[in-house]
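Only this structure's heavy atoms are used, side chains among them; waters, hydrogens and symmetry mates stay out. Numbers restart at 1 for each chain; the letters A, B, ... are given by sequence-line order, proteins then strands.
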Number of protein chains: 4
Amino acid sequence: MSRPREEKYQAILDAATEAFAEYGFFNSQISKIAKLAGVADGTIYLYFKNKEDILISLFTERMGKFIIEVLQEIEKCQTAKERLLRIIKTHLRYMQENRSLAMFTQIELRQSNPKIREAISGPLREYFHCIEQVLTEGVKNGEFALPDIVVGRQMLFGTLDAMVSDWVISKKPRALEDLEDTAFDLMCGAFRIRDGN
Amino acid sequence: MSRPREEKYQAILDAATEAFAEYGFFNSQISKIAKLAGVADGTIYLYFKNKEDILISLFTERMGKFIIEVLQEIEKCQTAKERLLRIIKTHLRYMQENRSLAMFTQIELRQSNPKIREAISGPLREYFHCIEQVLTEGVKNGEFALPDIVVGRQMLFGTLDAMVSDWVISKKPRALEDLEDTAFDLMCGAFRIRDGN
Amino acid sequence: MSRPREEKYQAILDAATEAFAEYGFFNSQISKIAKLAGVADGTIYLYFKNKEDILISLFTERMGKFIIEVLQEIEKCQTAKERLLRIIKTHLRYMQENRSLAMFTQIELRQSNPKIREAISGPLREYFHCIEQVLTEGVKNGEFALPDIVVGRQMLFGTLDAMVSDWVISKKPRALEDLEDTAFDLMCGAFRIRDGN
Amino acid sequence: MSRPREEKYQAILDAATEAFAEYGFFNSQISKIAKLAGVADGTIYLYFKNKEDILISLFTERMGKFIIEVLQEIEKCQTAKERLLRIIKTHLRYMQENRSLAMFTQIELRQSNPKIREAISGPLREYFHCIEQVLTEGVKNGEFALPDIVVGRQMLFGTLDAMVSDWVISKKPRALEDLEDTAFDLMCGAFRIRDGN
DNA sequence: TATGAATGAGATTTCATTCAT
DNA sequence: CATGAATGAAATCTCATTCAT
């Protein structure tokens, strides 16, 4: 049974998240990750091909879970407007609850190494696609007025990302949740969503 | 006569910009930068204390020039609405004309090394402050309706940043300039700016 | 079972002794020491913090052993005169049997680096103290006539050190042992020790 | 006229003495010496072949002056006993007045680099020879009883050297001069010199 | 599977020396 | 003669990865 296998795999991923978030990819030595995970250095190479592979696996997995959560939340909604609010809430709350992931995303999202950049862009594009679909629907059924879907997505994602970025960097941050309503309010204005439900 | 001195300093900074943009800070070896700049490895240490110092000098200098340009453009404007448009245009055009700086900003903006992060945050905060002042003025004189200045700034900067990010990553990008009007249009909606000038 | 660990530690120390003796501290590159010890360069840093640490460990360990031997020999003796002879014999014989240590002591004893000098002065002072105690006893019980204990120690140590120094530098040296009796004879004169018993 | 040439040559030598005494040979960079001497780095190479050459020239010159002084002092004396006292006094006083030279001698006398060691041993051997001649004479005319001239020289030089060494290392040293009489007293005992002049 | 000691390639940085001015 | 900017070889140290146990 591969339960222990799975356990150690997760332990390493958790340790890497923490380390990458705090020190960045290049300053997180394998030995540091191994110690945090409570395994030997060599053990890591039983679960991952190399250091890069940890980063890629990490991002794919964690971002994957995030997207699944977003999708689940969205599905519960009736209108595009509701979905927009859901995306905002889920994004900010998820990041708030996973500060390490948030930091790590902020810090390592835009990795320089082309191979890593490539691997990372997959899950991110998926998220972008999900956002764009919601916007497209909103436009189609007349809820939103939006001259360009992609620009709309850039605005929505960019705003949320900037909020998380500020929150991650500042030491005593205003809770991310508190920004939900204001963010939603502004987005409604940008997308010309009428006040009534 | 320090003309040659200044020349070499700039050559190294240019080389570093290029290298950091393409490979990232950690994968840009001093020898690589030196070769790009057409100087010997040791020469770099006549102009910079160490590798970190290059990054910090680079960001401070280039970002400084950017902010000066933004400020100059803003001053020409009469209304806050015009200033908003100016910021959008200047930001996107400057980044388009300095792709390396844009890439580098995207990539290294969120550095893990605390010392670098600290040094980098200065010029950035200055830019944020500049944006927030424009927004505050707009609210004061009734041009904008905005529940929260900081959130407004996050939206404006976040949107522009996401646009640059997309542009930098995609290989055959739509010109950044083409996004100006749409971005301005959406921001006007978000900030409840009336259509008439 | 840390037998191999201890073995490698000693191998590196032996290699360093040899290298330092022949080439001096600054001209003994880590790679040279590693090759002599039969390990990889990096291995050295598993056992020592840095190059300085090798020098300090080396001196502390080897000088410590020497002092222990001197103390053991001294304890066997009844009179201060006998102890004086024992110190002379042990000093010269130990250095003769550990030519590398002798060279190294001669060469690196007076290091320029303050941190090293500090670390090295400890064991040396211990040896000086041991000599001075013997002299003090001899004076107290009337065996020696000595106007100044410290000067007495300087004379004894200086003489032995000069002998070792000559022996180390000259290529075809007279055996150090052969000097024992003459040295003792002269010291007896200097310290006004009577010929009998 | 080569007055200015000579001046700069001496300035560099003085600077080197100071630097070597304080930091040791390897930690005294050419640029440091140049700055101390008030000349440009390159200028040093107009006067010396390389860094080693400075050390060798330095030692040869300064030690040469010392030996000349010793010889002059000795010549004034009538008896070997007087000459012995003269050597002791001149040695200790000269070192006291040239603390940098003393430090430098203590620190760099026993250099590891074979080429340097070779060059340094010349002047030193000359001094040894001078001492040994005094001792030989003393023995010949019955003033001294000494079983071995070389051992006698080792004792005399070793004692003086140990005194200087202690003086150089200790921060608040007893004046070297104060040791003259005690040292002479002990040497008289060692060499069986009768009390009467 | 798991370990962690050992490896050695590779990176940053220093500094003696040169040479155009 | 004098300068000091530039050079680039070389040294220390780090750390991802391997492999015998």
Within this structure, what is the CG-to-C1' distance between D:Asn27 and E:dT14, rounded to whole angstrom?
12 Å
C:Gln29 CD - F:dC13 P separation (whole Å)
13 Å
Nearest 0.5 Å please: distance from the CD1 atom of D:Ile12 over to the CD1 atom of D:Ile54.
7.0 Å
Rounding to an integer number of Å, can you tell me how far D:Ile12 CD1 sits from F:dA2 P?
9 Å
Say you draw a straight line from CG of D:Asn50 to CG of D:Leu55; how long is it, rounded to the nearest 0.5 Å?
10.5 Å
Partner of F:dT7 by Watson-Crick or G-U wobble geometry, both contacts under 3.5 Å, or none?
E:dA16
About how many Å separate CZ of D:Phe26 and CZ of D:Phe20, when rounded to the nearest 0.5 Å?
10.0 Å
Closest-nucleotide 5' rank along DNA chain F - winner of C:Leu46 and B:Asp41:
B:Asp41
Distance check, rounded to the nearest 0.5 Å: C:Tyr45 atom OH versus C:Lys51 atom NZ?
8.5 Å
N or O in side chain of B:Tyr47 less than 4.0 angstrom from F:dA6 OP1/OP2:
yes
Where along residues 30-40 of chain B does a heavy atom come under 4.0 Å from DNA chain F, residue by residue in number order?
B:Val39, B:Ala40
At what distance, to the nearest 0.5 angstrom, does CD1 of A:Ile56 lie from CD of A:Glu61?
14.0 Å
Report yes or no: does B:Thr43 contribute a side-chain atom to a donor-acceptor pair with the main-chain N or O of B:Val39 at less than 3.5 Å?
no
Atom NZ of C:Lys49 and atom P of F:dT14: how far apart are they, to the nearest Å?
11 Å
Base-pairing assignment for F:dT21 (Watson-Crick or G-U wobble, both under 3.5 Å)
E:dA2
Walking DNA chain F from its 5' end, the first of A:Lys51 and C:Asn50 to be reached, judged by nearest nucleotide, is C:Asn50
Nearest whole Å is fine: how far is E:dA6 P from C:Glu7 CD?
11 Å
C:Phe48 has an atom CZ; how far is it from atom C1' of F:dT14, in whole Å?
18 Å
All N/O contacts under 3.5 Å from nucleotides 19-21 of chain F to the protein, with atom names and distances to one decimal?
none

Measure CD1/A:Ile44 against P/F:dC15 and give the value in whole Å, please.
14 Å
Charged N to carboxylate O under 4.0 angstrom, D:Lys32 versus D:Asp41?
no
Is the NZ or CZ atom of B:Lys8 both under 6.0 Å from the centre of the six-membered ring of B:Tyr47 and within 45° of that ring's axis?
no
Does the ring center of D:Tyr9 lie less than 6.0 Å from the ring center of D:Phe48?
yes
E:dA9 pairs with, by Watson-Crick or G-U criteria that keep both distances under 3.5 Å:
F:dT14
Phosphate OP1/OP2 of F:dA2 contacted by D:Lys8 side-chain N/O (<4.0 Å):
yes
Sub-3.5 Å donor-acceptor pair from the side chain of C:Ser28 to the main-chain atoms of C:Tyr23, do we have one?
no
Quick one: C:Asp53 CG to F:dC13 P, roughly how many Å, whole number?
10 Å
